[in-house]
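Counting starts at 1 for both ligands and their atoms, in listed order.
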Amino acid sequence: MKRLNTQLQEDGCPLELILLIRTLLAACKEISFRVSQGALAGVLGSTLSENVQGERQKKLDVISNQIIKDILSESGYVKAISSEEEDDVIACHPEGKYLVSFDPLDGSSNSDINSLIGTIFSIMHAPQWLEGDDPKAFLQPGTQQVAAGYVLYGPSTMLVMSTGNGTHMYTLDKTHGGFLVTRENVKVPEQTQEFAINMSNQRHWQGPMQAYVNDLLAGSDGPRGKNYNMRWVAAMVGDIHRMLCRGGIFAYPFDYRDPGKAGKLRLMYEANPMAFLMEQAGGKASTGEHDILDIMPEDIHQRVPVIMGSAGEVNACLEYYKES
Ligand SMILES: O=P(O)(O)OC[C@H]1O[C@](O)(COP(=O)(O)O)[C@@H](O)[C@@H]1O
Ligand SMILES: [Mg+2]
Ligand SMILES: [Mg+2]
């Protein structure tokens, strides 16, 4: 099977970016080991602290954040980093060429129940003018990503990544510690009969999303003329992975629970990297009004509504927004 390095070279990835990616994956291998040790390593449960999002941090949020922060700040390839678990941007190496935004542990609510969790990352060029930890350097649209992906800590540890030359899947071979290509140039099916949304929020959604989901639930007797199944892993990495494997539509739309928030998921280290993977695999990613990758960010922790997956189904959903 093809090794990660070979795939990245075939995709025309510059050497320094390959070295940065390998450095980041060394951190993810460490996290994969810690996660697999679970209660044996005392990594389960919550801390007493809250992050900038106002969420109680899980021990694994803090542990995985520290592992990635330490390894990237010592690497020399990275000028600055931004993390879900850090209030502000952290300056790293003055000669570093890249910026890394990351969600050290996605699906935190699953960490104590031995369910799917992961690490999500987004890599961009560091602008020449950047001195130190100016967050403005990170405010680049998702189209500017030079690499994006996630590592899924599941029954097997998998990496799904794109450097702008298609989306590939890799599996960690724990016998020698290397990632091997297990699915090259993933193509997301155009159509689907599977949707993923937290239905318990239905009463809080806007009209278009209410109408769209009601028509899915109406099944073959309804206007969509086919039956839909539902899945919700409560970890974006898990739900998006399923979509990249077999299609589907994932939505975490705006809702009126907290009208001041545009959505739950964060643009820089959740929506943008997932949208990059999805679009590189022939899928589509939208807020309901705009393509996610075209959004000009205003803040490193900004939230956006998210609708992504099989292009045909996402377009069908967007029709409900156009009619409103
Ligand atoms: O608990 P809910 O409302 O269903 O939300 C689940 C969503 O929240 C998240 O867990 C948020 O990510 P974090 O765990 O990194 O904070 C997503 O992975 C997931 O899609
Ligand atoms: Mg997350
Ligand atoms: Mg997280």
**Student:** Show me which atoms of ligand 1 lie under 4.0 Å from any heavy atom of Met236.
**Tutor:**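 Answer for ligand 1: 17 (C), 18 (O), 19 (C), 20 (O).
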**Student:** Going by distance only, is there an N or O of Ser109 that falls short of 3.5 Å from an N or O of ligand 1?
**Tutor:**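 N/O-N/O distance under 3.5 Å: no.
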**Student:** Counting from 1, what ligand 1 atoms have a heavy atom of Asp103 closer than 4.0 Å?
**Tutor:**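 Going through ligand 1 atom by atom, the ones under 4.0 Å from Asp103 are 15 (O).
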**Student:** Let me confirm one number: the CD1-NE2 distance from Ile81 to His93, rounded to the nearest 0.5 Å.
**Tutor:**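 Going from the CD1 atom of Ile81 to the NE2 atom of His93 covers 14.0 Å.
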**Student:** Assess the pair Tyr252 and Phe254: is the distance between their ring centroids shorter than 6.0 Å?
**Tutor:**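 Centroid distance Tyr252-Phe254: not below 6.0 Å, so no.
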**Student:** Using a cut-off of 2.8 Å, count how many protein N, O or S atoms are strictly closer to the Mg ion (ligand 2).
**Tutor:**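 That number is 3, waters not included.
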**Student:** Quick check: Val237 and ligand 1, any N/O pair under 3.5 Å apart?
**Tutor:**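 It does not: no N or O of Val237 is found under 3.5 Å from an N or O of ligand 1.
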**Student:** Can you confirm if the aromatic rings of His125 and Tyr98 lie within a centre distance of less than 6.0 Å?
**Tutor:**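 Between Tyr98 and His125, the centre distance is under 6.0 Å.
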**Student:** Return yes if a side-chain donor-acceptor contact under 3.5 Å exists between Thr192 and Ser310, otherwise no.
**Tutor:**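 No, Ser310 and Thr192 have no side-chain donor paired with an acceptor closer than 3.5 Å.
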**Student:** Would you give the length of the straight line joining atom CD1 of Ile307 to atom OH of Tyr321, rounded to the nearest 0.5 angstrom?
**Tutor:**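 Taking CD1 in Ile307 and OH in Tyr321, the distance rounds to 4.0 Å.
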**Student:** CG/Leu17 to CG/Leu8 distance, rounded to the nearest 0.5 angstrom?
**Tutor:**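 If I round to the nearest 0.5 Å, the distance is 7.5 Å.
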**Student:** Counting only heavy atoms closer than 4.0 Å, does ligand 1 sit against the backbone of Gln53, its side chain, both, or neither?
**Tutor:**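 Within the 4.0 Å criterion, Gln53 makes no contact with ligand 1.
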**Student:** Quick check on Ile117 - does any of its heavy atoms sit under 4.0 Å from an atom of ligand 1?
**Tutor:**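 Heavy atoms of Ile117 never come under 4.0 Å of ligand 1.
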**Student:** Do Ile68 and Leu19 sit in the same hydrophobic cluster, where Ile, Leu, Val, Met, Phe, Trp and Tyr count as joined when their side-chain heavy atoms come under 4.5 Å apart?
**Tutor:**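 As far as the 4.5 Å side-chain criterion goes, Leu19 and Ile68 are connected within one cluster.
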**Student:** Look at atom 1 (O) of ligand 1 and say which protein heavy atom is nearest, naming residue and atom and giving the distance to 0.1 Å.
**Tutor:**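 I find the closest protein heavy atom is Lys264 NZ, 3.7 Å.
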**Student:** What about the rings of Tyr212 and Tyr320, do their centers lie closer together than 6.0 Å?
**Tutor:**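 Ring-ring flag for Tyr212/Tyr320: true, centres closer than 6.0 Å.
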**Student:** Applying a 4.0 Å heavy-atom criterion (strictly less than), which segment of Asp239 is in contact with ligand 1: side chain, backbone, both, or neither?
**Tutor:**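 For Asp239, no heavy atom sits under 4.0 Å from ligand 1.
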**Student:** Measure centre to centre between the rings of Trp232 and Phe195, then say whether the value is under 6.0 Å.
**Tutor:**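 Ring centres of Phe195 and Trp232 not closer than 6.0 Å.
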**Student:** I'd like to check which ligand 1 atoms, numbered from 1 as shown, lie under 4.0 Å from a non-hydrogen atom of Asn198.
**Tutor:**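 Those qualifying, in numeric order: 2 (P), 3 (O), 4 (O).
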**Student:** Can you check which of Glu55, Arg266, Met199 brings a heavy atom nearest to atom 11 (C) of ligand 1?
**Tutor:**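 Nearest heavy atom to atom 11 (C) of ligand 1 lies in Arg266.
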**Student:** With a cut-off of 4.0 Å, which atoms of ligand 1 are near a heavy atom of Tyr252?
**Tutor:**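 The atoms of ligand 1 under 4.0 Å from a heavy atom of Tyr252 are 2 (P), 3 (O), 5 (O).
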**Student:** Could you tell me the separation between the NZ atom of Lys226 and the CD atom of Gln193, rounded to the nearest 0.5 Å?
**Tutor:**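 Here the interatomic distance stands at 5.0 Å.
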**Student:** Kindly confirm or rule out an N or O of Phe250 lying under 3.5 angstrom from an N or O of ligand 1.
**Tutor:**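 Between Phe250 and ligand 1, no N or O pair is found under 3.5 Å apart.
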**Student:** Any N or O on Ala235 sitting closer than 3.5 Å to an N or O of ligand 1?
**Tutor:**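 The answer is no, given that Ala235 and ligand 1 share no N or O pair closer than 3.5 Å.
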**Student:** Between atom CD of Glu10 and atom NE2 of His168, what is the distance when rounded to the nearest 0.5 Å?
**Tutor:**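 Between Glu10 CD and His168 NE2, I get 8.0 Å after rounding to 0.5 Å.
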**Student:** Going by the order shown, which atoms of ligand 1 are within less than 4.0 Å of some heavy atom of Ser108?
**Tutor:**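 Going through ligand 1 atom by atom, the ones under 4.0 Å from Ser108 are 14 (O).
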**Student:** Check Asp291 with Lys284, please: is the shortest side-chain N to carboxylate O separation under 4.0 Å?
**Tutor:**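 Yes, charged N to carboxylate O under 4.0 Å.
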**Student:** Asn201 versus ligand 1: do any nitrogen or oxygen atoms come within less than 3.5 Å of each other?
**Tutor:**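 Between Asn201 and ligand 1 (N or O atoms, distance only) the closest approach is not under 3.5 Å.
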**Student:** Answer yes or no: is there a side-chain heavy-atom contact under 4.5 Å between Gln7 and Tyr170?
**Tutor:**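 Sidechains of Tyr170 and Gln7: in contact.
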